[in-house]
Amino acid sequence: MTKPQVAQGIKDKNAKRQNITPDRLKKTALKTSVLGLATAMGVMGLSQVACAELTWGSDSSYPQEGKYQPESYQPQSYQPQSYQPDNYQPQSAPSNSSYQADNGVGSFTAAAIAAERGDVNALYNYEQAMSGGLFAMYPTYWRMNVDLNSQSPAAVSQFVRQYPDTVMAEKLAADFAETKAGSNDYAAVRQVANLITNADDSERCAVALGFNNGGDSMRAMAAKPDVWLTTKKQPALCDQLALEMNNNALISNQDRVSRLKRMLRKGKTGDIMALSSRLGTPIPYSSLSEIQLNPTSFFSRFAREANTQTNQYLYLYAMGRLAEKSYREAALQLDFDIKQDNQRSAKLLNDDTRRYAYRILGVQRMNHNTDDGFNVEAVDWFRNSLDDDFSFEEAEYYAMAAIRFSRWDDVVEAISKMDAETQKTNQWQYWLARAYEQSSDANKRNTAKKMYQNLAKSNEYYGLMAKDKVSQRFDASRLGGSNLPNVSTADRARVMQNPHFARAFALYNADASRAYANREWNWAVKKARDNRDDNLIIAAARQAYDMGWLDRAIYAVDNTDRVDSLALSHPMPHQSAVVRHSQSAGIDPAWAYGIMRQESRFVASARSNVGASGLMQVMPDTAKYIARNLGETYSASRANSGDTNIRYGTWYMGDIFGKLNSQPVLATAGYNAGPNNAKRWQPTYGSLAADQYVESIAFPETRNYVKHVMENATIYSSLLGRDQPISQRMGTVPAAF
């Protein structure tokens with residue numbers, strides 16, 4: 001089964017720069033305070049977005065990793081637990097006496113407390129005491145991290161050599177590169193660049209900055225596709241890289257023009273001045289400042305200005321500032337200016353300026369869909385802006401608007417503006433097939449059918465949708481159903497002989513910080529995947545499942561291409577409670593499981609940064625609302641407990657379901673973004689195919705959330721013996737009025 005790669009963070013950031021909100025690393029109460037990981041997120045589900053995404057290498061050569069055998073270590077055997085969802089009792093993690101030795105988890109926890117205090121002398125002592133042990137690298141990492149900027153590239157390289165292939169070696173090198181890039185010490189960044197194998201966005205930009213300032217233009221350009229044309233929020237080092245890349249020898253003037261137009265749209269003054277200067281058409285700050293204060297004044301005098309390239313750029317800047325105030329006013333201004341211009345013998349607005357002015361309107365209109373509702377004018381504005389210079393952000397907006405209004409020719413146009421690799425993704429292959437399916441051309445309709453057949457090989461959201469198009473059914477039994485995979489004795493032993501998995505299990509078993517345990521686990525899965533060791537992944541996931549560490553079992557299976565085990569990837573703990581409370585609330589248990597898997601990955605202690613808690617991630621105010629409606633006294637501790645949290649969550653699902661036309665897609669969007677937003681996204685008139693509604697949801701997080709929940713629910717319906725195809729499940733979204 002082909003699965004979407006939804007990898008959680010491997011190397012969580014230091015607190016000072018950690019994007020806690022979207023991370024799927026979790027905490028346990030004790031350790032977050034002790035270890036300074038001030039996050040309430042820990043083991044969250046995939047409704048959140050990764051902080052440092054797990055990116056897999058494409059190298060076809062995978063060296064086999066040596067086995068780690070600590071002194072006097074004897075691998076523990078365990079008995080496979082049969083799948084019994086009704087009386088599910090997690091087992092404890094495998095234990096080993098070496099974990100409790102002076103260089104084991106006990107010392108790890110004590111050293112972590114010393115690190116929290118910044119006690120360098122104590123950390124030196126722990127380095128000696130823990131030398132050669134499973135956690136030997138941690139006190140050294142913590143000591144060096146007390147003042148990372150003062151460390152030398154040689155010291156970092158020595159650490160990586162001493163602890164090769166470990167997640168902490170990767171983390172130290174990456175943290176060091178970011179720190180040095182932030183202080184403009186690019187020579188130091190270059191010296192450790194080759195030690196970083198799993199960079200997140202900020203780390204990738206740090207490395208590229210090092211090369212960009214060291215004369216290696218080609219290596220710096222590797223980050224260009226991700227940073228050059230985006231106007232969305234990105235790490236500070238990526239903003240810095242894009243600004244400095246302006247002087248890269250491999251950046252052409254056409255590249256500069258492309259970026260300049262986006263910066264004019266966004267109003268990024270520093271970038272505008274730097275880019276325009278390199279293009280030989282410098283735009284003074286005074287001109288930008290004047291327009292920023294009063295864009296309409298610029299439009300009033302524009303007809304009296306000369307047709308210079310600088311004035312074309314200033315027109316786009318003024319259009320961007322007016323559109324930020326009111327896209328409607330900006331649209332009227334553009335229409336007026338074009339009509340006036342068309343009557344002139346010598347036009348003041350170049351064709352390229354006209355096109356990008358319409359692009360500005362299209363992007364700004366899409367940013368107001370939640371407040372103002374959807375409107376087909378966005379599609380028309382993008383259509384008027386057609387050229388060969390779309391960023392992905394602009395092409396995606398164009399595609400979403402066209403999908404919303406069934407403008408299938410525009411869908412094809414929008415997808416054609418994306419880069420070749422993006423066009424090949426399941427998402428855009430599905431929508432290209434949907435567009436071809438509507439064509440009067442029989443050849444295109446046949447092409448659509450072939451595309452659906454290819455997509456149907458996958459069991460993620462778009463694959464399930466494609467299955468319905470070609471009359472295939474998802475069959476859980478072909479992926480093992482609820483039967484847990486058999487694991488050989490040798491593979492069970494290999495799990496604890498693997499140092500990465502051994503550290504993860506030891507940390508989990510010792511109730512140490514879940515963030516550290518998860519990081520070690522994620523790295524272990526990556527290394528096993530790099531080595532194409534599917535049996536090791538299955539054995540580790542089965543072991544995690546047996547001890548109740550369900551979120552990591554799910555993670556392991558979700559982050560492999562060839563491992564298929566629904567019992568591990570879609571477990572059903574608390575089955576009696578889920579079915580009973582779902583039936584009481586009048587909802588489908590498969591949908592409840594779909595929500596629960598997405599919200600918490602079945603971690604009962606999960607707590608989000610905004611206070612949502614428990615298996616169903618119920619917000620405190622929502623829990624109070626539920627308790628009031630159920631005639632109960634609100635208790636935070638009780639609301640967060642397993643059974644009550646399930647009862648509250650399913651009741652709330654039923655409540656939203658009833659208020660939103662008994663439409664599961666609307667109710668799912670409402671569970672994530674609030675029922676009022678879900679209603680705002682409904683069509684004003686007529687009905688809309690549910691897949692079109694989902695694809696045009698204005699909030700990216702909610703859009704992806706609904707897709708995952710619908711995918712989950714479809715799979716769970718098969719596991720529960722109540723098979724319902726995804727298209728039937730999603731149905732049609734009615735008009736709001």
Side-chain angles (χ1 to χ4, degrees), residues 9-19 35-38 51-52 103 107-108 110-133 135-214 216 219-220 235-238 240-241 503 513 515-516 519-520 523:
I10 284 182
K11 314 179 302 295
D12 58 295
K13 297 294 189 184
N14 291 333
K16 61 178 177 153
R17 54 190 174 82
Q18 187 174 17
N19 182 6
L35 302 181
L37 295 170
C51 164
N103 58 9
S107 292
F108 168 93
I113 295 171
E116 178 70 11
R117 295 196 307 264
D119 190 340
V120 174
N121 290 331
L123 289 172
Y124 270 118
N125 291 333
Y126 282 114
E127 286 181 61
Q128 301 303 312
M130 296 170 66
S131 178
F135 299 97
M137 69 289 296
Y138 276 93
T140 309
Y141 168 82
W142 286 323
R143 173 180 58 78
M144 296 179 71
N145 208 48
V146 168
D147 185 7
L148 194 56
N149 203 37
S150 69
Q151 300 299 327
S152 68
V156 173
S157 298
Q158 172 58 31
F159 183 88
V160 174
R161 286 193 299 271
Q162 186 173 358
Y163 303 109
D165 295 324
T166 65
V167 70
M168 299 313 295
E170 170 77 13
K171 181 164 170 42
L172 182 68
D175 288 349
F176 180 78
E178 280 189 295
T179 300
K180 288 299 185 182
S183 59
N184 300 323
D185 186 354
Y186 297 123
V189 174
R190 291 192 296 275
Q191 291 182 64
V192 301
N194 290 336
L195 304 177
I196 303 169
T197 63
N198 188 58
D200 68 12
D201 291 341
S202 182
E203 295 156 1
R204 192 177 300 113
C205 289
V207 170
L209 276 166
F211 291 128
N212 199 54
N213 286 272
D216 196 338
R219 292 187 72 174
L237 289 177
C238 294
Q240 181 68 17
L241 172 64
R503 276 189 289 272
S513 168
Y516 284 107
R519 189 197 299 121
E520 290 285 0
W523 185 257

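- Remark: Arg117 pairs with Asp119 by the salt bridge (Lys or Arg N to Asp or Glu O under 4.0 Å) rule, at least two apart or across chains.
- In this structure, Lys180 contributes its side chain and Tyr186 its backbone to no donor-acceptor pair below 3.5 Å.
- Ring orientation note: the planes of Trp142 and Phe108 are tilted relative to one another, at an angle of 30° to 60°.
- In plain terms, the two heavy atoms of Phe211 and Ala193 that are nearest each other are CZ-CB, 3.6 Å.
- For the atom pair Asn145 CG and Gln151 CD, the distance stands at 8.5 Å (nearest 0.5 Å).
- A 4.5 Å side-chain heavy-atom check between Thr140 and Met137 finds every atom pair outside the cut-off.
- Among all heavy-atom pairs drawn from Leu123 and Ala114, the shortest one is CD2-CB, 4.2 Å.
- We find the CG-CD distance between Asn184 and Gln240 to be 6.5 Å, quoted to the nearest 0.5 Å.
- Rounding to the nearest 0.5 angstrom, the gap separating the CG atom in Asn213 from the CG atom in Leu241 is 9.0 Å.
- Contact detail for Gly210 and Arg190: the closest heavy-atom pair is O-NH1, 2.9 Å.
- No donor-acceptor distance shorter than 3.5 angstrom exists from the side chain of Gln128 to the backbone of Asn125, with no hydrogens or angles considered.
- In plain terms, the two heavy atoms of Ala177 and Val192 that are nearest each other are CB-CG2, 4.1 Å.
- Pairing each heavy atom of Ala181 with each of Val189, the nearest pair is N-CG2, 3.6 Å.
- Looking only at side-chain heavy atoms (C-beta outward), Leu172 and Leu148 come within less than 4.5 Å of each other.
- Residue Ser152 holds its OG atom at 7.0 Å from CE of Met144, rounded to the nearest 0.5 Å.
- Checking Met168, Glu170, Arg503 one by one against Trp523, the side chain to side chain contact (heavy atoms under 4.5 Å, CB included) holds for a single residue, Glu170.
- Minimum interatomic distance between Ala173 and Ile196 (heavy atoms only, all atoms of both residues): O-CD1, 3.7 Å.
- Under the 4.5 Å side-chain criterion, counting only non-hydrogen atoms from C-beta, Phe176 is not in contact with Leu195.
- In this structure, the separation between CZ on Phe135 and OG1 on Thr166 is 12.5 Å, given to the nearest 0.5 Å.
- A distance of 11.0 Å separates CG in Asp201 from CG in Leu237, rounded to the nearest 0.5 Å.
- With a 4.5 Å cut-off on side-chain heavy atoms, Tyr141 and Asp175 count as touching.
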